[in-house]
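Reviewing the structure listed below.
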Amino acid sequence: MSVRVRVPATSANLGPGFDTLGLALTLYNEIELAVAEDTTVVVSGEGASALPRSREHLVLHSADQLAAEIGQSVPGWQLRQVNAIPLARGLGSSSAAIVAGLVAANALL
């Protein structure tokens, strides 16, 4: 069984609201996550060459943290990710990865 998650880019520094007002944008990262015997990571799109292909990947790190929190051990993950959110441009790519990993792992576990 696998789970698909689509997470939007965000912008949080909106005028006088500073970090209290946010905006979801129409740029999305999409992941498909499954529990597997071994970990495999396939990434395409924005920043694909810069992201780790191991459990150090932020999506998988978040999924592992959730699994540990609920007392489960996962032998490996199968992750497919298509990125539209640029890395390191203030559009929430790290937050999107964390949220995607947590939401997908929660649904799977």
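This chain uses plain numbering: 1 for the first residue, then up along the sequence.
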Please report the shortest heavy-atom distance between P52 and V41, naming the atom on each side.
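Here P52 and V41 meet closest at O-CG1, 3.9 Å.
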Shortest non-hydrogen separation from S2 to A34 and the atoms involved:
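That would be CB-CB, 3.8 Å.
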Could you tell me the separation between the [atom1] atom of [X] and the [atom2] atom of [Y], rounded to the nearest 0.5 Å?
{"X": "I70", "Y": "L66", "atom1": "CD1", "atom2": "CG", "result": "5.0 Å"}
{"X": "E69", "Y": "N106", "atom1": "CD", "atom2": "CG", "result": "11.5 Å"}
{"X": "I98", "Y": "Q65", "atom1": "CD1", "atom2": "CD", "result": "10.0 Å"}
{"X": "L60", "Y": "L58", "atom1": "CG", "atom2": "CG", "result": "9.0 Å"}
{"X": "L33", "Y": "S62", "atom1": "CG", "atom2": "OG", "result": "10.5 Å"}

Same cluster for [X] and [Y] if Ile/Leu/Val/Met/Phe/Trp/Tyr side chains link at under 4.5 Å?
{"X": "L91", "Y": "V7", "result": "no"}
{"X": "V43", "Y": "V3", "result": "yes"}
{"X": "L87", "Y": "I31", "result": "yes"}
{"X": "Y28", "Y": "V82", "result": "no"}

Which pairs with one or both residues in residues 31-52 pass salt bridge (Lys or Arg N to Asp or Glu O under 4.0 Å), sequence neighbours excluded?
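Qualifying pairs: R4-E32.
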Is there a donor-acceptor pair under 3.5 Å between the side chain of N29 and the backbone N or O of A84?
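Yes: the side chain of N29 pairs with the backbone of A84.
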Side-chain heavy-atom pair T40, L79 within 4.5 angstrom cut-off
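Of all side-chain heavy-atom pairs linking L79 with T40, none is under 4.5 Å.
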Suppose the criterion is side-chain hydrogen bond (donor to acceptor under 3.5 Å, both in side chains): which pairs have a residue in residues 47-56, not counting sequence neighbours?
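side-chain hydrogen bond (donor to acceptor under 3.5 Å, both in side chains) check on residues 47-56 returns R55-D64.
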